[in-house]
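Note that the coordinates shown come from a computational prediction; the quantities given were computed from them, not determined experimentally.
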Amino acid sequence: PVFAGMNGSAIENFSCVIYNVSLMNCTWQAGRHAPKDTQYFLYWQYSRYDDAMECELYIKDENGRNVGCRFQNVTIQTAVDAYFLVNGSSKESLIQFYDKYIKLYEIEILTPPLNVTVNCIRDTSGCIITWQQPLTSHRKRGKCFEYEIRIRNK
């Protein structure tokens with residue numbers, strides 16, 4: 001495909017992470033050959049049926065250039081890919097856009113499980129460990145959680 005704009009002007013190293021249940025941060029670096037006055041704008045779309053939304057809270061570098069975005073109230077509705085688009089503008093030249101599809105559940109950093117309890121019985125030398133599922137931005141909390149228990153001291 002042919003992309004309009006100067007080669008090397010599109011953003012680089014784009015990544016997003018969901019944390020604290022409903023917050024999402026996306027960050028990127030300016031294109032290596034982008035003119036100094038280039039400004040970038042992030043749009044994302046949960047699915048092709050939803051409207052594209054521009055970033056509401058940009059993260060800026062020391063020159064005032066947008067290099068990231070913070071989103072609030074993010075929920076993961078299904079396993080479909082969300083679409084991200086970063087385009088740019090400059091008075092000197094056309095800027096190439098960057099786009100990427102991301103499965104949101106793959107970028108979520110989960111909180112620890114809730115209400116972890118351990119009950120040990122001396123006579124049987126056994127313990128029962130219980131917990132509740134961690135908070136998550138998933139709307140449909142399925143049976144997709146796997147847990148690992150590491151016992152350090154018996």
Side-chain angles (χ1 to χ4, degrees), residues 1-116 129-152:
V2 176
F3 298 108
M6 184 174 67
N7 281 342
S9 62
I11 62 157
E12 300 174 2
N13 299 323
F14 180 83
S15 68
C16 297
V17 64
I18 296 174
Y19 63 100
N20 285 359
V21 182
S22 63
L23 303 176
M24 180 168 68
N25 265 21
C26 296
T27 58
W28 59 84
Q29 293 173 324
R32 271 175 269 187
H33 302 298
K36 294 261 187 250
D37 75 331
T38 304
Q39 184 59 282
Y40 294 104
F41 305 95
L42 170 64
Y43 300 86
W44 85 296
Q45 193 173 7
Y46 193 78
S47 77
R48 70 181 68 174
Y49 307 108
D50 295 327
D51 292 333
M53 298 173 287
E54 185 180 356
C55 173
E56 292 180 0
L57 183 60
Y58 281 107
I59 301 165
K60 297 180 179 293
D61 67 10
E62 61 277 1
N63 301 316
R65 183 182 277 177
N66 297 337
V67 292
C69 180
R70 290 190 178 97
F71 295 96
Q72 297 178 326
N73 302 321
V74 174
T75 56
I76 300 174
Q77 296 163 10
T78 61
V80 300
D81 293 350
Y83 177 68
F84 293 82
L85 169 72
V86 181
N87 60 24
S89 66
S90 164
K91 291 177 182 165
E92 289 185 33
S93 71
L94 289 173
I95 305 301
Q96 290 180 328
F97 71 87
Y98 171 93
D99 64 347
K100 184 174 187 178
Y101 287 92
I102 298 175
K103 286 186 179 7
L104 295 184
Y105 69 86
E106 292 180 347
I107 62 168
E108 183 177 15
I109 298 172
L110 294 170
T111 61
L114 302 170
N115 300 327
V116 177
I129 304 170
T130 60
W131 61 86
Q132 291 176 324
Q133 182 174 300
L135 297 174
T136 176
S137 61
H138 284 66
R139 270 234 179 112
K140 298 177 181 176
R141 298 181 190 180
K143 298 175 182 174
C144 58
F145 287 96
E146 292 181 8
Y147 301 93
E148 178 179 310
I149 298 173
R150 292 184 188 161
I151 299 173
R152 294 213 172 108

* Asked: Going through the distances and angles, do Trp131 and Ile149 end up as a side-chain contact (heavy atoms from CB on, under 4.5 Å)?
  -> CA-CA 11 Å; Trp131 61 86; Ile149 298 173; 3.5 Å; yes
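Shortest non-hydrogen contact noted between Ile107 and Val17 is O-CG2, 3.4 Å. Among all heavy-atom pairs drawn from Ala34 and Met6, the shortest one is CA-CE, 4.2 Å. Annotation for Glu108 and Val21: closest pair OE2-O, 4.2 Å, computed over non-hydrogen atoms. Gly88 approaches Tyr40 most closely through the heavy-atom pair CA-CD2, 4.0 Å. Closest approach of Glu54 and Tyr43 over heavy atoms only: CB-CE2, 3.5 Å.
You'll find the side chain of Leu104 reaches within 4.5 Å of the side chain of Tyr46, heavy atoms only. Taking 4.5 Å as the limit, every side-chain heavy atom of Ile95 sits out of range of all side-chain heavy atoms of Ser89.
From Glu92, atom CD reaches atom OG1 of Thr38 across 7.5 Å, with rounding to the nearest 0.5 Å. To the nearest 0.5 Å, atoms CD1 (Ile18) and CG (Leu110) are separated by 10.0 Å. Expressed to the nearest 0.5 Å, how far CG of Asp99 lies from CG of Leu42 amounts to 11.5 Å. A distance of 7.5 Å separates CD1 of Ile102 from CE of Met24, quoted to the nearest 0.5 Å. Taking CG from Asp61 and CD from Gln29, the interatomic distance works out to 10.5 Å, rounded to the nearest 0.5 Å. In this structure, the separation between CG on Leu57 and CG on Asn25 is 9.0 Å, given to the nearest 0.5 Å.
Remark: the backbone N or O of Gln96 is paired with a side-chain donor or acceptor of Ser9 at under 3.5 angstrom. Without hydrogens or angle criteria, Gln39 side chain to Gly64 main chain gives a donor-acceptor distance under 3.5 Å. A donor-acceptor pair under 3.5 Å links the side-chain atoms of Trp28 to the main chain of Asn66, judged by distance alone. Between the side chain of Asn63 and the backbone N or O of Arg65, no donor-acceptor pair lies under 3.5 Å.
Phe41 and Tyr58 have perpendicular rings, their planes meeting at more than 60° on a 0 to 90° scale where under 30° would count as parallel.
Checked against the 2.5 Å cut-off, the SG-SG distance between Cys26 and Cys16 falls under it.
Taking the six-membered ring for Trp and the full ring otherwise, the centers of Phe71 and Trp44 sit less than 6.0 Å from each other.
Counting only N and O atoms by type, the side chains of Asp37 and Ser90 include a donor and acceptor under 3.5 Å apart.
Atom CD of Gln72 has 12 or fewer neighbouring heavy atoms from other residues, nucleotides or ligands inside a 6.0 Å radius. Shown here is Asp51, whose CG atom has no more than 12 heavy atoms of other residues, nucleotides or ligands within 6.0 Å.
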